[in-house]
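Everything on this sheet refers to the single structure shown next.
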Amino acid sequence: MQIDIHQPRKNITRFTYEFTSFQGWRVTLCRQQKHFTRYFSDKQYGGAEASLRAAIEVLERVTEYLRIYPDNPTKAFEKCRDIEPQSGFPMGMRPRKDKKTLSPSA
């Protein structure tokens, strides 16, 4: 099933910056002055629709925990902080950055 990425959704914001490489979605909730925020990169999830789908899944999970713990948002948010973002690389593996571009020239 396709998801309309242009449809507004409560607690999910689209981020597309002209001058940075980040494009994706942000899920953010606030209850009793406690905050939960998670970013979902298009690059990491393979596109805008896939990253939105992941953001919606996490939002549903967080709201479910908020229903379970209505008076304790800290506990609800803690339960969701361990959700690992999906990656195209095996666990613990990331592409290496070129050290030449990271270190200053002498």
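The figures that follow rest on heavy atoms only: side chains count, while hydrogens, waters and symmetry mates do not.
Distance check, rounded to the nearest 0.5 Å: SG of Cys80 to CD of Glu60 gives 11.5 Å.
Under 4.0 Å is where a charged nitrogen must lie from a carboxylate oxygen, and between Arg61 and Glu57 no such pair does.
Annotation for Asp42 and Gly24: closest pair OD1-CA, 3.4 Å, computed over non-hydrogen atoms. When every heavy atom of Tyr45 is checked against every heavy atom of Ala50, the shortest pair comes out as O-CB, 3.2 Å. In plain terms, the two heavy atoms of His35 and Gln33 that are nearest each other are CD2-O, 3.9 Å. Closest approach of Lys34 and Phe77 over heavy atoms only: O-CE1, 3.3 Å. Taking all atoms of both residues into account, the shortest heavy-atom contact from Asp4 to Arg9 is O-NH1, 3.1 Å. What you find for Gln32 and Pro70 is that their closest heavy atoms are NE2-O, 3.9 Å.
The aromatic rings of Tyr39 and Phe22 sit perpendicular, their planes meeting at an angle over 60°, well past the 30° parallel limit.
Proximity of Arg38 to Leu29: side-chain heavy atoms (C-beta onward) are nowhere separated by under 4.5 Å.
By the criterion of side-chain heavy atoms lying less than 4.5 angstrom apart, applied directly or through intervening Ile, Leu, Val, Met, Phe, Trp or Tyr residues, Tyr65 is not grouped with Leu59; the two fall into different hydrophobic clusters.
When the options Val58, Thr28, Ile56 are evaluated for a side chain to side chain contact (heavy atoms under 4.5 Å, CB included) with Ile12, the one that passes is Ile56.
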